[in-house]
Amino acid sequence: MTAAAAKSPAASWVPRAGSLAHRVLQFLVANPDEELFAADISIKFDVETKAIKPCLVGALTAGAIVLRKDDAGRAAYTLGPDQSWRERLAPSAANDGDDGEVNAVARRGRNSGAVLSAADIRGLQIERCFPFPDRKQARAASIIAMQEKLRQLQPDDRVEIPEGARSICATAMKVVGLDTGAKLALKPSKGVMYCWRLA
């Protein structure tokens, strides 16, 4: 590797485990032919649209992700040509997103009641682009996703509804029914709850 290559963003950049960039890259690596629009990322990863590009700027600069515009002018994110970050991520990924020795010391101190040293505190890693969970926003995104699923049902189709999603499904059913005229019903069958499209 040349000195210039070693100093390039692609040669040193690595996504922080669990960050938006990391999660988007995990999805794109698993689905290399897919592309994600900002709206997709907002719903799938529960993040405000305006926060997406700032959170992905490191990945974009490093070439791990590429941003392009479709014919309608919508921004679409795809897997970039430089995937060298995957090799550099391996050690931290093996530790399930552990931030390293300094934060391990911080956790031990927190659990034992010990006081952290000034050096330990200065070494704590700032995790950027981790929006505070907004339960209302998350529920709204789940309702939108459920609406999309219910709109795909044809008469006599059904979809299984997990126990924790019944309230979300009931709300989505009302919206889809009003929008499309579809007749939907939430009923159990053999102990499993389904949303049925009747007509």
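These numbers were taken from a predicted model, which means no experiment stands behind them.
- Hydrophobic clustering (side-chain heavy atoms under 4.5 Å, transitive across Ile, Leu, Val, Met, Phe, Trp, Tyr) groups Leu198 together with Val192.
- For the atom pair CG (Leu79) and CZ (Phe27), the distance works out to 11.0 Å, reported to the nearest 0.5 Å.
- Counting all heavy atoms, side chain and backbone alike, Ile161 lies closest to Cys195 at CG1-N, 3.7 Å.
- A pairwise comparison of heavy atoms in Ala64 and Leu25 identifies O-CD2, 3.6 Å as the closest pair.
- With rounding to the nearest 0.5 angstrom, the CG atom of Asn31 is 13.0 Å from the OG1 atom of Thr78.
- Annotation: the span from Arg139 atom CZ to Asp46 atom CG amounts to 13.5 Å, rounded to 0.5 Å.
- Residues Met146 and Val176 are not in side-chain contact: their nearest non-hydrogen atoms beyond the backbone lie 4.5 Å or more apart.
- In this structure, Val57 is not a member of the same hydrophobic cluster as Val66, with clusters built from ILVMFWY side-chain heavy atoms closer than 4.5 Å.
- Annotation: side chain of Val159 is in contact with side chain of Leu150 (closest heavy-atom distance under 4.5 Å).
- Taking each heavy atom of Ala59 and Ala21 in turn, the nearest pair found is CB-CB, 4.5 Å.
- Residues Ile52 and Val47 form a side-chain contact, since some pair of their non-hydrogen atoms from C-beta on lies under 4.5 Å apart.
- Under the 4.5 Å side-chain criterion, counting only non-hydrogen atoms from C-beta, Lys174 is not in contact with Leu184.
- Taking CZ of Arg197 as the reference point, atom NZ of Lys183 lies at 11.0 Å (rounded to 0.5 Å).
- Residues Ile43 and Phe37 do not share a hydrophobic cluster, defined by chaining ILVMFWY side chains whose heavy atoms lie under 4.5 Å apart.
- Cation-pi contact between Arg158 and Tyr194: present, with separation from the ring centre below 6.0 Å and deviation from the ring axis of at most 45°.
- Between Ala172 and Gln147, the shortest heavy-atom contact is CB-CG, 3.7 Å.
- Judged by distance alone, with hydrogens and angles left aside, the side-chain atoms of Arg68 form no donor-acceptor pair with the main-chain N or O of Ala76 at under 3.5 Å.
- When the side chains of ILVMFWY residues are joined at heavy-atom separations under 4.5 Å, either directly or via intervening members, Val175 and Met173 end up in two distinct hydrophobic clusters.
- Between Thr180 and Arg151, some side-chain heavy-atom pair lies under the 4.5 Å cut-off.
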In sequence, state the C-alpha distance, the side-chain angles, and the governing distance for Met193 and Glu160, and then conclude on side-chain contact (heavy atoms from CB on, under 4.5 Å). CA-CA 6 Å; Met193 186 64 73; Glu160 182 179 343; over 6 Å; no
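- Atom-to-atom distance recorded for Leu28:CG and Glu35:CD is 9.5 Å, nearest 0.5 angstrom.
- Between Tyr77 and Lys53 the shortest side-chain heavy-atom distance falls below 4.5 Å.
- Within the 4.5 Å cutoff, the side chain of Leu36 has heavy atoms near those of the Phe45 side chain.
- Counting heavy atoms from C-beta outward, Ser42 and Glu48 have side chains that stay 4.5 Å or more apart.
- Note: the hydrophobic cluster containing Leu67 also contains Val29 (ILVMFWY, side chain heavy atoms under 4.5 Å, direct or indirect links).
- Here the shortest heavy-atom pairing between Ala62 and Asp82 reads O-CB, 3.7 Å.
- Considering all non-hydrogen atoms of both residues, Lys50 and Pro54 come closest at O-CD, 3.5 Å.
- Rounding to the nearest 0.5 angstrom, the gap separating the NE2 atom in His22 from the SG atom in Cys55 is 14.5 Å.
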